[in-house]
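The chain is numbered in sequence order, starting from 1. Indexing begins at 1, ligand by ligand and atom by atom, following the structure's order.
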Amino acid sequence: MGLKLYRYINFNNKKVMVKFFNQSLPFIYILFNFFYRKFLVNPDINDKEILQFHKSGFTKIDISLKKEIEEYKDKFYINDKNQKNNSKKKIFELDKEYKKNLAIKIKKKIAPLITKLEKYFNCDVFISDIGIFRNYTHNDSLNLKVSHYGNHFHQDSYVMTYSKLFINLMDVNDDDGPLEIVPIENRNSFVKSFKYKDINNYNLSGDKTLIKKNLGKIGDCFLFSSPQIFHRAGVPKNYRDNMRVILVAIPKKISKELNKIDNEKLFENNFEIFQKFTKPYSIIKVIRLFFTHLKHKFNG
Ligand SMILES: [Fe+2]
């Protein structure tokens with residue numbers, strides 16, 4: 001009986017999770033995030049941005065990297081050898097020395113945000129990766145079976161200690177395919193209105209007022225909890241350039257070795273180093289991660 005029930009519910013089936021919890025995440029991550037929000041974060045640090053980030057899962061940040069982006073923009077280049085054929089998303093590259101200097105400048109500029117997030121998460125907050133991309137237009141954007149760069153609504157399969165900071169590399173208007181997000185408080189209505197089943201199966205003509213767009217100017221910063229909120233990359237009429245900074249919250253004390261990642265290395269894929277803190281692969285590992293956080297909160 002127990003086994004049959006387990007099979008029926010299938011805890012890893014995101015479709016079932018949408019049905020029961022209006023979330024497209026593995027069950028154990030939904031549970032982690034629920035208890036993490038309840039017992040581990042400090043939303044009441046008297047800061048407007050953190051409050052909104054906690055309540056809605058996203059916030060504009062009152063920091064502009066306009067100066068830095070304008071200084072480095074002409075140093076980004078696309079190396080076609082390293083791109084997948086026919087890809088609608090291209091990765092910008094940067095010479096080693098520029099990587100290092102830009103990473104230092106980004107770190108310096110977003111330091112006030114990191115300090116606030118460290119208070120919110122009770123953790124050290126690290127940049128794990130910096131990526132620079134160009135998303136191109138394509139004519140199958142309404143086809144839910146085809147996704148070129150996360151351009152259909154989804155949640156990222158991570159626990160909520162993983163957050164994304166988007167930095168506009170150009171002014172972004174409606175035609176430039178801005179990031180679209182569904183605030184936490186609209187999640188239930190969104191699933192209902194769009195008859196959301198999974199990333200490949202929902203109704204495109206739901207209530208669009210439930211969705212917010214990240215419009216803005218070059219250098220603007222937008223923080224969002226991609227595991228907690230439904231989001232998608234809009235499809236531009238031409239192209240959109242974006243920088244994505246991944247932020248990871250790790251309990252103090254166990255985070256020391258991670259300080260050693262070289263600045264220029266931040267532009268590489270560091271997923272493996274951070275995976276156990278952001279995307280644990282088994283139920284036991286998720287539970288262990290939760291209790292590690294809990295222990296560090298109460299033992300300082
Ligand atoms: Fe995503």
Side-chain angles (χ1 to χ4, degrees), residues 12 14-15 17-18 21-26 29-30 32-33 53 56-61 84 87-92 127-138 140-169 172 176-184 186-187 190-191 194 196-202 204 206 210-216 220-236 239-249 269-271 274-275 277-281:
N12 282 315
K14 291 190 197 168
K15 244 186 210 171
M17 293 306 115
V18 172
F21 302 105
N22 292 330
Q23 292 211 58
S24 183
L25 275 188
Y29 287 8
I30 294 175
F32 179 101
N33 290 350
F53 179 64
S56 304
F58 75 96
T59 180
K60 275 236 171 210
I61 303 295
K84 283 183 206 141
S87 174
K88 300 295 178 196
K89 173 179 186 160
K90 296 205 168 166
I91 303 165
F92 279 112
I127 296 177
S128 73
D129 299 84
I130 303 174
I132 320 169
F133 306 99
R134 173 168 288 180
N135 288 352
Y136 289 90
T137 193
H138 51 270
D140 47 5
S141 62
L142 299 179
N143 183 350
L144 289 169
K145 303 281 183 277
V146 184
S147 176
H148 294 284
Y149 38 73
N151 54 290
H152 301 308
F153 278 105
H154 65 281
Q155 285 168 273
D156 292 353
S157 273
Y158 291 83
V159 291
M160 63 174 282
T161 52
Y162 173 101
S163 312
K164 277 180 178 168
L165 181 70
F166 272 18
I167 300 165
N168 289 342
L169 299 185
V172 176
D176 302 310
L179 169 77
E180 297 183 15
I181 61 109
V182 179
I184 290 178
N186 292 354
R187 187 162 62 203
F190 167 82
V191 168
F194 286 79
Y196 190 93
K197 308 262 180 335
D198 67 31
I199 187 168
N200 308 120
N201 185 357
Y202 61 90
L204 289 167
L210 299 169
I211 297 166
K212 298 261 176 291
K213 292 180 181 179
N214 178 29
L215 305 169
D220 281 4
C221 294
F222 185 86
L223 175 74
F224 66 112
S225 179
S226 61
Q228 290 191 84
I229 60 176
F230 282 102
H231 60 279
R232 73 177 203 104
V235 178
Y239 64 82
R240 172 171 63 99
D241 294 345
N242 187 45
M243 185 184 286
R244 184 196 64 193
V245 178
I246 294 176
L247 301 174
V248 178
N269 184 344
N270 297 313
F271 172 75
F274 291 91
Q275 174 264 326
F277 300 108
T278 57
K279 199 179 176 74
Y281 284 139

Leaving out waters, which are not shown anyway, how many protein N, O or S atoms lie closer than 2.8 Å to the Fe ion (ligand 1)?
-> 3
Aromatic Tyr149 / basic Lys89 pairing, under 6.0 angstrom, 45° off normal | no
Taking only residues two or more places apart in sequence, or in another chain, which ones meet Ser128 in a side chain to side chain donor-acceptor pair (under 3.5 Å)?
-> none
Distance flag, aromatic centroids of Phe194 and Phe230, threshold under 6.0 Å = no
Measure up the Tyr136 and Tyr239 rings against each other and bin them: parallel (under 30°), tilted (30 to 60°), perpendicular (over 60°).
-> tilted
Compute both the distance and the angle, then confirm whether Lys279 meets the cation-pi test with Tyr158: under 6.0 Å from the six-membered ring centre, within 45 degrees of the axis.
-> yes
For the residue pair Tyr281 and Phe271, does the interplanar ring angle fall in the parallel (under 30°), tilted (30 to 60°) or perpendicular (over 60°) class?
-> tilted
